[in-house]
Participant: 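Mind having a look at this structure? Questions to follow.
So you know, we letter chains A, B, ... as the sequences are listed, proteins then strands, and number each from 1. Just so you know, these numbers come straight off a predicted model, no measurement behind them.
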Amino acid sequence: MSFNSFSEFLSMGGHGLYVWLSYGLGVIIILGNLIAPLQAGKRLRAQLTRRLIRESKGS
Amino acid sequence: MADSKWMPRWFYQLASPRWCYQICGKLLPWFTVAALALLIGGTLWALIFAPADYQQGNSFRIIYLHVPSAILAQSCYMLMAVAGAIGLIWKMKVADMVAKACAPIGASLAVLALLTGAIWGKPTWGSWWVWDARLTSMLILFFLYLGVMALNSAIESESTAAQATAVLALVGLVNIPIIKYSVEWWNTLHQPATFKLTEKPAMPAEMWVPLLVMVIGFYAFFAVTLMMRLRNEILRRERRAGWVKELLLSK
């Protein structure tokens, strides 16, 4: 452990703003890269399935 | 595709969208677990246990995001260009889809590398941004990704779009060695590479081991998001194929 207390951990020796801003951005970009394809996949599957069902009813 | 004896069988299997879709589906859970474990473990290690730098203090901990995202942004570009070349030469549809899936991931990782670099630069160099060779070539990498994405969406025909973006990606490949050697060719504020193949890292093990964990974790995460995007792209492009119809209606 390189910190003695939680408040010391949060302040990062005065560089808290920079460290936490960086890690916040990291979390946003990593989660975004997982959530975006997941949701796009769901939308795509639903859309393709709807069209398949419509086509099979039409013929 | 012309048959030739010197190409291994897996190369042809890779060309099958259906096989790719299935193998990605099988690999995804393993890579997801690995990525989560490595990234969470690596982040805790980086933030809590790694020692502070004697000059930079705790702002040094930004390295654990900055270096992996910069490495991945470049690896992703090389994969995009190689996949594009394979698509051009062998007319392999799956390679085109891989190249297309790489662009948004690479762009987001380049943004992360640039932003964490800027945030790290403020307390270390006293400035958010300098027009330094390393920073500028990395910014060009980001613009190359944007160019690839714009070009791909601007062309109606999928195969023409893939060809055009593959050529752009291959031309832009010249930027990769420029990024790598920028810190050696020009006077720069930016510090040289942490990991080299021929030398031991200049920093102590308790600093570089968590960095290595984060780099491997980023590779695993990249594999996860790439396979997810690739599977979506395969479904979209192969929507007329029998196996996709069966797959969709079976649920």
Participant: Is the CH2 atom of B:W243 crowded by more than 12 outside heavy atoms at less than 6.0 Å?
Facilitator: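 Above 12, so yes.
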Participant: Is A:Y23 reaching over with its side chain to a backbone N or O of B:R61, donor-acceptor style, under 3.5 angstrom?
Facilitator: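 Yes, because the side chain of A:Y23 sits within donor-acceptor range (under 3.5 Å) of the backbone of B:R61.
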Participant: Measuring heavy-atom distances to chain A, does B:L39 have an atom under 4.5 Å in its side chain, in its backbone, in both, or in neither?
Facilitator: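 B:L39 touches chain A through side-chain heavy atoms alone.
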Participant: What is the distance from atom CG of B:L114 to atom CG of A:L25, rounded to the nearest 0.5 Å?
Facilitator: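 If we round to the nearest 0.5 Å, B:L114:CG and A:L25:CG are 11.5 Å apart.
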Participant: So which part of B:Q56 gets closer than 4.5 Å to some heavy atom of chain A, the side chain, the backbone, both or neither?
Facilitator: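 Contact with chain A: backbone only.
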Participant: Of all the heavy-atom pairs spanning B:L235 and A:L48, show the shortest one and how long it is.
Facilitator: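 Closest heavy-atom pair between B:L235 and A:L48: O-CD1, 3.8 Å.
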Participant: So, applying side chain to side chain contact (heavy atoms under 4.5 Å, CB included) with A:P37, which one of B:R229, B:M227, B:R231 is it?
Facilitator: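 The residue from B:R229, B:M227, B:R231 that satisfies side chain to side chain contact (heavy atoms under 4.5 Å, CB included) with A:P37 turns out to be B:R229.
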Participant: Looking at CD of A:Q39 and CE of B:M228, how far apart are the two atoms once the value is rounded to the nearest 0.5 Å?
Facilitator: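 Between atom CD of A:Q39 and atom CE of B:M228 there are 10.0 Å.
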Participant: Can you tell me if B:N232 and A:R45 form a side-chain donor-acceptor pair at under 3.5 Å?
Facilitator: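 No donor-acceptor contact under 3.5 Å links the two side chains.
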Participant: Which heavy-atom pair separates B:V224 from A:L34 by the least distance, and what is that distance?
Facilitator: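 Smallest interatomic distance, heavy atoms only, reads CG1-CD2, 3.8 Å.
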Participant: Name the region of A:I28, side chain, backbone, both or neither, that has any atom closer than 4.5 Å to a heavy atom of chain B.
Facilitator: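 Nothing of A:I28, per the 4.5 Å heavy-atom cut-off to chain B.
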Participant: Any donor and acceptor pair, going by atom type alone, linking the side chain of B:T225 with main-chain N or O of A:N33 inside 3.5 Å?
Facilitator: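 Yes: the side chain of B:T225 pairs with the backbone of A:N33.
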Participant: For the atom pair OG (B:S69) and CD1 (A:I29), what is the distance rounded to the nearest 0.5 Å?
Facilitator: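 The CD1 atom of A:I29 is 8.0 Å from OG of B:S69, to the nearest 0.5 Å.
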Participant: Which value, rounded to the nearest 0.5 Å, describes the distance between A:S22 atom OG and B:I119 atom CD1?
Facilitator: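 Interatomic distance, A:S22 OG to B:I119 CD1, rounded to 0.5 Å: 4.0 Å.
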Participant: Under 4.5 Å heavy-atom distance to chain B, tell me which part of A:L17 shows up: side chain, backbone, both or neither.
Facilitator: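 Neither part.
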Participant: Over all heavy atoms of both residues, which pair between A:F9 and B:I48 is shortest? Give the atoms and the distance, please.
Facilitator: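 Residues A:F9 and B:I48, closest heavy atoms: CE1-CG1, 3.7 Å.
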Participant: Quick one: pull up OG1 in A:T49 and CZ in B:R239 and give me the separation to the nearest 0.5 Å.
Facilitator: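 If I round to the nearest 0.5 Å, the distance is 13.0 Å.
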Participant: If you count the non-hydrogen atoms of other residues, nucleotides and ligands that lie under 6.0 Å from OH in A:Y18, is the total more than 12?
Facilitator: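 Counting other residues, nucleotides and ligands, OH of A:Y18 exceeds 12 neighbours.
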Participant: Can you tell me which portion of B:A35 sits under 4.5 Å from chain A's heavy atoms? Options are side chain, backbone, both or neither.
Facilitator: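 Neither the backbone nor the side chain of B:A35 comes within 4.5 Å of chain A.
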Participant: Using non-hydrogen atoms and a 4.5 Å limit, figure out which bit of B:F218 sits close to chain A: side chain, backbone, both or neither.
Facilitator: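 Side chain only.
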Participant: Side chains of B:L249 and A:I53, heavy atoms from C-beta outward: is any pair under 4.5 Å?
Facilitator: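 Yes - at least one pair of side-chain heavy atoms lies under 4.5 Å apart.
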Participant: Taking the side chain as every heavy atom from C-beta outward, state whether A:V19 and B:W120 have any pair of such atoms under 4.5 Å apart.
Facilitator: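 SC-SC contact between A:V19 and B:W120 ruled out.
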Participant: Top residue by heavy-atom pair count (under 4.5 Å) with chain B, among A:A40, A:G13, A:G26, A:G32?
Facilitator: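 Ranked by contacts with chain B, first place is A:G26.
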Participant: So do the side chains of A:M12 and B:L47 get within less than 4.5 Å of each other, counting heavy atoms only?
Facilitator: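 Sidechains of B:L47 and A:M12: in contact.
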